[in-house]
Amino acid sequence: MLLTKKNSGTSGASASPFVHSLRRGLTQALPTLDRRTFLRRSGLGVGVGLAASQLSLVKKAQAGTQGGSIIGAGKVEVKRTVCTHCSVGCAVDAVVENGVWVRQEPVFDSPINLGAHCAKGAALREHGHGEYRLRYPMKLVNGKYERISWDLALKEISERMMELRKASGPDSVYFIGSSKHNNEQAYLMRKFVSFWGTNNTDHQARICHSTTVAGVANTWGYGAMTNSYNDMQNSKCALYIGSNAAEAHPVSMLHMLHAKENGCKMIVVDPRFTRTAAKADEYVRIRSGTDIPFLFGIVYHIFKNGWEDKKYINDRVYGMEAVKADIMAKWTPDKVEEACGVKEEQVFKVAKMLHENNPSTIVWCMGQTQHTIGNAMVRASCILQLALGNIGKSGGGTNIFRGHDNVQGATDVGPNPDSLPGYYGLAEGSWKHFAKAWDVDFEWIKGRYASPAMMGKNGITVSRWIDGVLEKNELIDQDSNLRGVFYWGHAPNSQTRGLEMKRAMDKLDLLVVVDPYPSATAAMAAMPGKPEDLNPNRAVYLLPAATQFETSGSCTASNRSLQWRDKVIDPLWESRSDHMIMYQLADKLGFGKELVKNYKMQKVKGMDEPVPEDILREINKCVWTIGYTGQSPERLKAHMRNMHLFDVKTLKSKGGKDKETGYDFGDDYFGLPWPCYGTPELKHPGSPNLYDTSKHVMEGGGNFRANFGVEREGKSLLAEDGSHSKGADITTGYPELDHVLLKKLGWWGELTEAEAKAAEGKNWKTDSSGGMIRVFMKNHGCHPFGNAKARAVVWNFPDPIPQHREPLYGTRADMMAKYPTHDDKKAFWRLPTLYKTIQDKNIADKVHEKFPLIMTSGRLVEYEGGGEETRSNPWLAELQQEMFVEINPQTASKRGIRNGERAWVKTPTGARLNVQALVTERVAPDTVFLPFHFSGRWQGADMLAHYPNGAAPIVRGEAVNTATTYGYDSVTMMQETKTTVCDVEKA
Ligand code: SF4
């Protein structure tokens with residue numbers, strides 16, 4: 001979806017604004033640059049010239065740090081890695097000559113991408129060798145970034161941290177981690193933060209799929225995609241709602257299009273006619289934020305026509321009767337049409353398509369998750385699939401596409417404010433489990449926290465760190481406001497309320513950006529704000545992190561498969577790997593030895609770095625809950641070497657052995673998708689489709705988790721007799737496994753002596769031997785997390801049965817009156833959170849009259865996340881050069897705006913965005929769409945001068961989130977980005 005044609009490279013007054021934009025970006029590093037030079041320098045040439053131009057670019061980079069020539073007869077190696085731009089997990093072979101990455105190929109044997117890449121994947125080499133990277137540590141001095149040494153940077157940062165700790169306690173510092181870290185780094189980050197003594201940490205998952213994780217986990221056990229991109233080839237019908245996969249997860253469409261060739265029907269539900277919608281058999285336009293009325297409108301027809309799977313519901317679902325009664329009363333076709341704008345015929349047609357084409361799957365992404373009622377929306381999707389009996393089936397499931405390449409893994413084992421790795425809660429038992437795994441004294445960790453109470457309290461979420469700074473101290477649930485913030489691999493422009501974020505950044509005492517690129521944080525921090533907001537003692541540092549191509553480690557694709565990345569090149573310039581930086585900083589802070597106690601160290605650029613394999617082995621030894629225990633580095637590496645041995649539709653091994661190690665793949669599934677239970681020696685094959693009772697648990701089968709007790713209001717929560725996984729010795733529902741249950745069953749004696757010793761008094765999640773899991777699964781075919789019913793009613797959520805509620809900022813005052821939001825909350829994730837106060841005020845102030853358009857946002861195929869990395873990539877920058885607003889012809893015409901003209905987008909925050917108008921019927925007259933990958937312009941002004949010299953992205957544009965409004969999910973603090981209001985006027 002090119003907004004504009006590629007520029008001709010001509011100079012002069014007739015050049016388009018996009019050409020100017022591109023040229024502005026390029027000229028910061030290169031004084032003058034015509035198109036020819038641009039192509040040559042950026043590697044966009046073809047054929048023989050390509051490798052030569054790339055080499056010259058790389059030579060310059062290497063010479064800066066190594067001082068030697070790199071071209072000549074030398075070793076050519078192929079390193080296997082994985083694309084870092086989205087959760088599909090496309091494999092890449094990087095060709096490295098004399099330590100220089102010279103070429104790349106997609107991996108044709110990969111069962112995930114089958115040799116396909118999207119534009120971002122095809123441009124990866126440039127990401128590793130990018131010209132616009134942060135090259136050395138920098139410090140903000142009088143509004144400009146100046147180079148400093150690593151030693152000085154680490155010394156000053158650690159000293160400032162210790163000052164803050166002494167004056168305001170460990171909770172005064174906030175650590176924003178990263179979904180771009182590999183599993184080992186994300187896990188080490190949680191450990192680092194724990195040793196610092198706070199739960200004030202979070203990462204991108206909060207603002208992409210936290211509502212999914214909470215909603216789905218609370219429905220049936222695990223908060224993850226149940227099936228896989230590949231398994232969609234087995235679907236008969238696919239319902240996409242709030243997912244523009246063709247742009248956000250392009251290679252996933254490979255599997256969908258194969259499915260379509262075999263007759264699979266495709267339905268796309270979205271306020272906007274997307275590229276994905278263009279492939280659909282049925283496109284449904286809904287009013288933004290009305291997923292529940294639409295989904296329950298479908299469920300209404302399913303129940304009305306008796307299309308539900310009655311036996312499945314009886315045996316495996318709790319609370320469906322209550323849900324059915326609620327839906328039949330509230331979501332009659334007239335109410336559905338009134339709420340979401342879809343006529344009964346079309347809702348019925350979709351319900352019939354799902355009924356007649358079984359199994360069907362559902363796909364959702366941020367279109368569904370990023371709402372104040374995101375937790376309820378995702379549960380409505382789950383209820384639809386449970387009603388149809390589609391969960392636990394190949395071709396069915398909830399295919400929830402995650403965003404960043406390792407957002408799944410970082411959520412599973414990384415820096416979450418409410419859990420330790422593997423979703424272990426913050427209770428004392430969990431801390432003791434990890435203290436043992438980390439080989440440190442529990443009392444020592446406890447002493448690092450402000451108090452035992454703070455150790456067990458959820459931290460502030462990344463979506464609200466700005467309120468941790470700005471909120472009145474007496475209203476926050478910790479001693480001090482936030483005074484220091486680390487942006488460790490995270491884009492600020494992916495978060496809402498940009499104007500307030502700028503204020504919060506200015507008020508800090510310490511701001512540290514750790515990133516391969518300076519990121520929009522650097523420019524925002526350096527840009528002058530209101531003088532009264534600026535803390536005169538503020539210190540801002542930029543630390544250059546290495547990319548994932550300059551280290552090794554595992555990452556988890558959206559389908560839960562783990563893949564191991566080889567290191568392609570050594571860290572360029574002065575960059576260092578994230579885990580090296582964590583270790584070095586921990587050392588300065590006094591807990592370096594504790595952090596790396598269980599790891600061997602290796603030398604990189606002459607410095608000590610923890611060995612990633614050892615970190616994964618530590619994960620293998622303690623993350624039992626979600627089965628991150630079976631994926632040893634050795635097994636993962638064998639999988640990466642033998643991708644050709646795995647079936648594309650099932651991901652199952654076709655048999656065979658690894659030539660290098662003799663490892664027998666047996667029945668393994670590619671990447672050992674978690675849960676891969678027990679020790680690596682147990683050889684659990686991974687779980688391709690969760691909760692699948694048609695398979696034995698040792699063949700990847702399962703059932704719903706017993707995680708919510710065994711009884712509720714006199715009704716059993718356990719699964720009915722006969723609904724067990726294939727071959728289980730217990731043929732009825734059962735609770736989760738612990739030492740008492742194993743003894744009662746008479747199976748305790750099957751543990752070895754050492755296992756029995758370790759398992760005494762434990763449950764399957766804390767038994768460090770893995771013996772209980774072995775006996776239960778291998779000897780008896782039973783599932784360690786028990787066998788229970790999924791919950792259609794989640795009684796511990798604000799709306800146990802999902803209810804539609806209008807957003808805080810809406811264009812329909814009538815609907816806000818009928819479907820009001822929640823009451824305000826106090827001390828929710830340590831902060832007060834407003835709902836009704838804001839919505840009521842907006843209605844009273846008639847905000848919808850001043851801002852009559854629904855503003856929604858989303859992705860583009862060319863860019864990723866906050867976009868600084870991809871907009872710094874000349875290959876991609878060439879493709880999409882301008883930030884824009886999609887506006888319907890009718891709406892544009894009323895405002896005198898023509899296609900290609902400049903426009904101001906204004907929101908109730910007071911922010912104004914100067915963007916290009918893309919006049920299109922993709923959006924309805926009441927809606928406008930803006931992509932969210934841009935930054936580098938601020939309310940009409942270029943921020944170029946505020947980036948470090950030579951490190952600004954090539955393409956800069958207004959960040960949509962400069963203008964987005966307040967609003968957070970009532971369970972997870974997910975931000976509302978998909979439904980707010982604005983107006984547009986001609987610039
Ligand atoms: Fe594959 Fe996603 Fe990378 Fe594109 S961005 S190549 S779809 S992993």
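When a residue number appears, it is its place in the shown sequence, counting from 1. Just so you know, ligand 1 is whichever comes first in the structure, and atom 1 is the first atom listed for that ligand. Hydrogens, waters and symmetry mates play no part in the numbers below; they use all other heavy atoms, side chains included.
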If a pair satisfies salt bridge (charged side-chain N to carboxylate O under 4.0 Å, His left out) and one of its residues is in residues 550-561, list it, with sequence neighbours excluded. R133-E550
Atoms of type N, O or S from the protein that sit nearer than 2.8 Å to atom 4 (Fe) of ligand 1 number exactly 1
Residue G89 vicinity, atoms of ligand 1 by number, heavy atom under 4.0 Å: 8 (S)
Classify the ring geometry between [X] and [Y] as parallel (under 30°), tilted (30 to 60°) or perpendicular (over 60°).
X    : Y    : answer
W488 : H181 : perpendicular
H127 : F549 : perpendicular
F401 : Y229 : tilted

Who pairs with E282 by salt bridge (Lys or Arg N to Asp or Glu O under 4.0 Å), at least two apart in sequence or on another chain? K349
Mind checking what makes side-chain contact (heavy atoms from CB on, under 4.5 Å) contact with A277, not counting sequence neighbours? V268, F273, T274, Y283
